[in-house]
Each structure stands twice: as structure tokens, then as C-alpha cells.
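To start, the structure itself, in C-alpha cells.
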Amino acid sequence: MNYWLMKTEPDTFSIDDLKAQKTSGWDGVRNYQARNFMRDDMKKGDLILIYHSSCEVPGVAGLAIVNKESHPDPSAFDSQSNYFDPKSNQDNPRWFMVQVKYKAKFKAFVPLSQIKKEKKLQDMKLIQKGNRLSIMPLEKSEFLHILKLANYSLT
DNA sequence: GCCAACGTTGGC
DNA sequence: GCCAACGTTGGC
């Protein structure tokens with residue numbers, strides 16, 4: 001079992017949108033490192049922190065789970081899509097995604113400012129200088145500590 | 001809106 | 001393979 005953090009801009013797709021849809025293909029990722037995590041490493045049942053970025057108060061908003069493992073991102077084939085990539089095609093897809101399933105919206109949102117203050121979270125990739133990855137692995141201890149801050153318990 | 005930091009592109 | 005130019009991310 002692995003643990004992940006996935007960023008999303010809530011103006012585009014928020015934890016509330018995921019809650020309403022229940023499941024969603026995580027399309028539109030156009031960064032190779034993030035793609036590789038989805039294509040190679042994210043397994044069904046892995047748990048995911050959903051992070052709101054580029055918004056008034058950035059931070060961790062909720063929890064999701066990998067529902068379907070890697071498959072080609074169809075938005076890359078759609079010339080009408082913002083995520084269209086003419087270099088990707090059905091025979092040789094360049095971009096992959098996983099499908100995620102809603103688990104919870106945290107009652108206690110965990111803001112980035114709080115994460116930065118937590119001694120136990122200082123090694124998180126999220127707060128390393130210059131890191132812009134939209135999908136990143138978490139240590140189990142980091143994952144659990146954030147659940148604690150969110151006042152959320154698994155089971 | 002600013003801007004630091006990073007990733008990608010493409011000429012050479 | 002180098003690297004300048006450009007585009008994007010994302011916090012502030």
C-alpha cells in the first residue's frame with residue numbers, strides 16, 4: 001500500500017466536485033514525473049490526500065482512493081480539450097491517468113501554513129523548495145500525521 | 001499581479 | 001548534448 005498527494009485547483013476541480021461525482025479520471029496531467037507515478041506506481045487501494053492549490057487558502061482538503069489503475073488519458077486525444085496533445089495517439093499514448101474515488105472531505109481542512117509548522121512534516125516533498133510536482137508519494141507517517149491534523153480516522 | 005523555480009523546446 | 005528562450009506552477 002502506498003500513499004499519495006494529488007494537487008488540484010479547486011476553481012477547476014475541488015473535493016466537493018469529486019464528492020459529487022464519486023469517481024473521476026485524473027486527466028490533464030502533463031508532467032512526465034507525475035505521469036510516471038500514475039502509470040507505474042499507483043495501485044488500486046492506495047490512499048490519496050487531495051490538495052487544493054492556487055487558491056485563497058491552499059491545503060489538504062480530503063481523502064480519495066485509487067479506484068482504477070493506469071490507462072491512457074483520453075483528453076490527450078480530444079482536439080477540443082484544453083489538454084489535447086497532438087503528439088499522443090491511440091496507438092502510442094503519451095499520457096496516462098488513474099481513476100480516483102471519493103472517500104472523505106475533511107471537517108478540519110489542513111492548510112499549507114500548518115503543514116509548514118509541523119516538525120513531523122518537514123521532510124514532505126510538498127514543502128521542499130522549488131517542488132512543483134502535482135502528484136507525489138508520501139511517507140506513511142506523513143500521511144497518518146496529516147489525517148490526525150484533519151481530525152479524521154480511517155476505518 | 002509578481003516572481004522564483006523549474007520543465008520543455010528547439011536551434012546549433 | 002548544450003543551453004537560451006520560453007512556458008508553467010503556485011505561493012504570496
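This one's a predicted model, so the numbers in the text were calculated from it and none came from an experiment.
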Side-chain H-bond candidate by donor/acceptor type, A:His52 with A:Glu9, under 3.5 Å: no
Chain A footprint on DNA chain C, 5' to 3' - any atom under 4.0 Å from a heavy atom: C:dG7 to C:dC12
Proximity of A:Trp26 and A:Phe96 rings by center, below 6.0 Å: no
Enumerate donor-acceptor pairs with a distance under 3.5 Å from any side-chain N or O in residues 40-48 of chain A to protein atoms, sequence neighbours excluded.
| residue | atom | partner | partner atom | Å |
| --- | --- | --- | --- | --- |
| A:Lys44 | NZ | A:Asn67 | O | 3.0 |
| A:Asp46 | OD1 | A:Asn2 | N | 3.0 |
| A:Asp46 | OD2 | A:Trp4 | NE1 | 3.0 |
| A:Asp46 | OD2 | A:Lys43 | N | 3.0 |

Ion pair A:Arg30/A:Asp85, N-O distance below 4.0 Å: no
Basic-acidic side-chain contact under 4.0 Å: A:Asp73, A:Arg35: no
